[in-house]
Amino acid sequence: MGRTIKIDPVSRIEGHAHITLHLDDDGNVDDAKFHLTQFRGFEKFCEGRPFPEMPALTARTCGICPVSHLVASSKACDHLLSVTIPPTGANLRRLMNLAQLMQSHALSFFHLSSADLLLGMDSNPKSRNIFGLLAVDPQLAKDGIRLRQIGQTIIEILGGKKIHPGWMVPGGVSAPITEEKRAEMLAMLPEGLEIAQRTFESFKGLIGKFSEEIEHFGNFPTMYLSLIKPTGGLEHYDGYFRIKDAAGAIVEDMVPLEEYERVIGEAVEPYSYMKFPYYLPAGYPEGIYRVGPLARLNNCDFCGTKLADAALDEFRALQHDRPVSSSFHFHFARLVEIIYALERMKELLDNPHILDTRVRARARGNSDEGIGVAEAPRGTLIHHYKIDDDGLITWANLIIATGHNNLAMNQGIKQAAKHFVDGNNMQEGMLNRVEAVIRCYDPCLSCASHAFGQMPLRIELQDSRGKVLDQLLRQVS
């Protein structure tokens, strides 16, 4: 009779999840599933709130990437206001979004994944963490801490707080920046760029040690979805949707962001509180696609900054004739984007108009529906709101970056488990490799937990000693 192996919790990720591996009678992996186990339901408890509250409210979805929700929510509210925000307001938003991109990518690479890469997938799990990394390579660990500090400090300079800043608002931002603040931010960027380039060169030297993982860590054909500039360049704040297939052919191009419902559908499954977005014309689950840094670099024609474009060429050399398909290379793509973020922030800060004082457009709700889209560190983030005549939210839909990757994460752990896990000779490193597939995607599960009416909620009735007297199963609705 077959067995089930449960990996609980999945470690070194943001949020709570477990993995189940289903083995056949011979001890071979037959299936694998990734379960998001926390329930939140932000979309429902936003109903009835005044729409100007939405940026600050939805930013509380997450403490790791609140700026992403500020951006997407503020853009949805701009749509509700029916305004075009001042160019400086938009560029200041871009600046904060890039600072968050940099610090979040640094968190993923240095704190969550680098222990696997430097210490090895089979190393002692007691030391396979940031503290073990400090012991083996103190400089790398310090670089990761410093890079995050630079990003978080820029967020604090702009918004007044490192986490959940209230500075990004419907219509723009609440206040311009001063020359002193600009100088303070500019002074940190050279050090950050030096760290990013040093890490990029170091990582390239490690890739050869992981050829087996590269081959089996979510390495399969999918489509790729991301934002793109009208010129085809890398974009994180605005632009259009582009979707490419596994061969690199463009499936959809220059799709207006307000038309996302034409290309994206959402499915649910009974084993997870995370939704399963898919490419709507292809159906479910055939419409599997990936988002995030891997997808953005596969989709864009260029980055648009000198060092990042050179790094992009090296990324594309990993798989010359088509998009880079192994999810292991999310790590490579993050480092390219860190370089880009630092170069692009310097460009924005060097522009004298960044000190302009017109940074916000003001209006009342002039539309009953608003859609805001931005690229979060983990991928494309969509906020969609509807309001009544009093400006109160009547309906909200959030399509989270991590959710877009849900189908791919499930398929990825199945691929890795089938290759690495031997149910008759179980080793800890085998299971760590399955977890490491999830870490490639850097999931943010607090953000992604939004499905309703799917998973049963178990309620236990206990006496004062903790003995279970009764259990009830009901559907959350």
Side-chain angles (χ1 to χ4, degrees), residues 11-15 59 62-71 94-118 128-165 167 181 184-203 236 292-293 308 311 330-346 349 375-379 401-402 439-447:
S11 60
R12 284 182 278 143
I13 60 170
E14 194 286 318
C62 182
I64 302 297
C65 48
V67 173
S68 296
H69 291 284
L70 284 170
V71 174
R94 285 186 172 92
L95 188 63
M96 181 179 275
N97 196 40
L98 290 166
Q100 185 206 238
L101 181 90
M102 180 186 72
Q103 70 84 15
S104 183
H105 279 352
L107 173 65
S108 173
F109 182 83
F110 290 94
H111 295 252
L112 304 182
S113 291
S114 60
D116 289 329
L117 303 174
L118 191 68
R128 198 171 56 222
N129 49 49
I130 188 64
F131 300 106
L133 191 65
L134 271 165
V136 173
D137 193 338
Q139 186 60 54
L140 182 68
K142 290 176 183 177
D143 281 349
I145 292 168
R146 178 56 179 155
L147 204 55
R148 284 208 72 218
Q149 183 184 38
I150 290 171
Q152 291 290 78
T153 301
I154 290 173
I155 292 171
E156 184 178 27
I157 291 169
L158 292 170
K161 293 194 300 182
K162 292 179 180 178
I163 301 175
H164 304 317
W167 174 73
K181 288 184 176 181
E184 187 178 356
M185 289 183 280
L186 279 169
M188 292 184 283
L189 298 182
E191 180 188 2
L193 192 55
E194 180 183 346
I195 292 171
Q197 290 181 276
R198 180 165 64 238
T199 306
F200 181 66
E201 293 301 320
S202 176
F203 175 73
H236 296 91
F330 268 97
H331 301 309
F332 199 120
R334 280 189 192 95
L335 295 177
V336 176
E337 285 203 322
I338 289 174
I339 293 170
Y340 170 79
L342 287 156
E343 290 184 292
R344 184 72 179 114
M345 282 192 286
K346 185 176 187 306
L349 287 168
E375 288 287 344
R378 294 150 186 86
T402 296
R439 289 192 283 270
C440 290
Y441 291 88
D442 186 27
C444 186
L445 301 181
S446 294
C447 291

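Residue numbers run from 1 in the order of the sequence given. Because the structure is predicted, anything quoted here is derived from the model rather than measured.
Heavy-atom minimum distance, F109 versus F203: CE1-CD1, 3.7 Å. Contact between F200 and A311 at its shortest, heavy atoms only, is CZ-CB, 3.7 Å.
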Begin with the C-alpha distance, continue with both residues' side-chain angles, and end with the deciding distance and a verdict on side-chain contact (heavy atoms from CB on, under 4.5 Å) for N97 and E375. CA-CA 9 Å; N97 196 40; E375 288 287 344; 5.5 Å; no
Give the intermediate values and the outcome of side-chain contact (heavy atoms from CB on, under 4.5 Å) for residues I13 and L112. CA-CA 7 Å; I13 60 170; L112 304 182; 5.8 Å; no
Candidate pair F330 and D442, rule side-chain contact (heavy atoms from CB on, under 4.5 Å), full reasoning: CA-CA 9 Å; F330 268 97; D442 186 27; over 6 Å; no
Yes or no on side-chain contact (heavy atoms from CB on, under 4.5 Å) for Q100 and V71, after CA distance, side-chain angles and deciding distance? CA-CA 11 Å; Q100 185 206 238; V71 174; over 6 Å; no
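Applying the ring pair (Phe, Tyr, Trp, His ring centres under 6.0 Å) criterion to H105, with sequence neighbours excluded, gives no partner residue. Taking E14 as the reference, I64, C444, S446 meet the side-chain contact (heavy atoms from CB on, under 4.5 Å) condition, with sequence neighbours excluded. With sequence neighbours excluded, no residue forms a salt bridge (charged side-chain N to carboxylate O under 4.0 Å, His left out) with K162. Judged as a ring pair (Phe, Tyr, Trp, His ring centres under 6.0 Å), and not counting sequence neighbours, F110 has no contacts. Take D116 and apply the side chain to side chain donor-acceptor pair (under 3.5 Å) test, not counting sequence neighbours, and it matches R12, N432, R439.
No side-chain heavy atom of Y441 sits less than 4.5 Å from a side-chain heavy atom of T402. At a threshold of 4.5 Å between non-hydrogen side-chain atoms, the residues I157 and M188 count as touching. The shortest side-chain heavy-atom distance between L133 and I130 falls under the 4.5 Å cut-off. Using a 4.5 Å heavy-atom threshold, the side chains of I163 and Q152 count as touching. For the pair L193 and K346, the minimum side-chain heavy-atom distance is 4.5 Å or more. Taking 4.5 Å as the limit, some side-chain heavy atom of P165 sits within range of a side-chain heavy atom of L70. Here the side chains of L147 and T199 are not in contact, with every heavy-atom distance at 4.5 Å or above.
Proximity of a side-chain donor or acceptor of R94 to a complementary backbone N or O of H236 within less than 3.5 Å is not detected.
How far CG of N129 is from OG of S114: 10.0 Å, rounded to the nearest 0.5 Å. Summarising the geometry, atom CD1 belonging to I338 is positioned 12.0 Å from atom CG belonging to L98; distances are rounded to the nearest 0.5 Å. Considering CG of L158 and CG of L95, their distance stands at 5.0 Å, rounded to 0.5 Å. From L140, atom CG reaches atom CD1 of I145 across 10.0 Å, with rounding to the nearest 0.5 Å. One distance of note links CG of L349 with CZ of R344; it measures 10.5 Å at 0.5 Å rounding. How far OG of S202 is from CG of L117: 9.5 Å, rounded to the nearest 0.5 Å.
Side-chain contact, S108 with R378: no donor N or O sits under 3.5 Å from an acceptor N or O.
For residues 133-149, every residue pair satisfying the side-chain hydrogen bond (donor to acceptor under 3.5 Å, both in side chains) rule, not counting sequence neighbours, is listed here: Q103-R148, Q139-D143, D143-R198, R146-Q149, R146-E191.
No option in S104, C62, P377 other than P377 meets the side chain to side chain contact (heavy atoms under 4.5 Å, CB included) test with S68.
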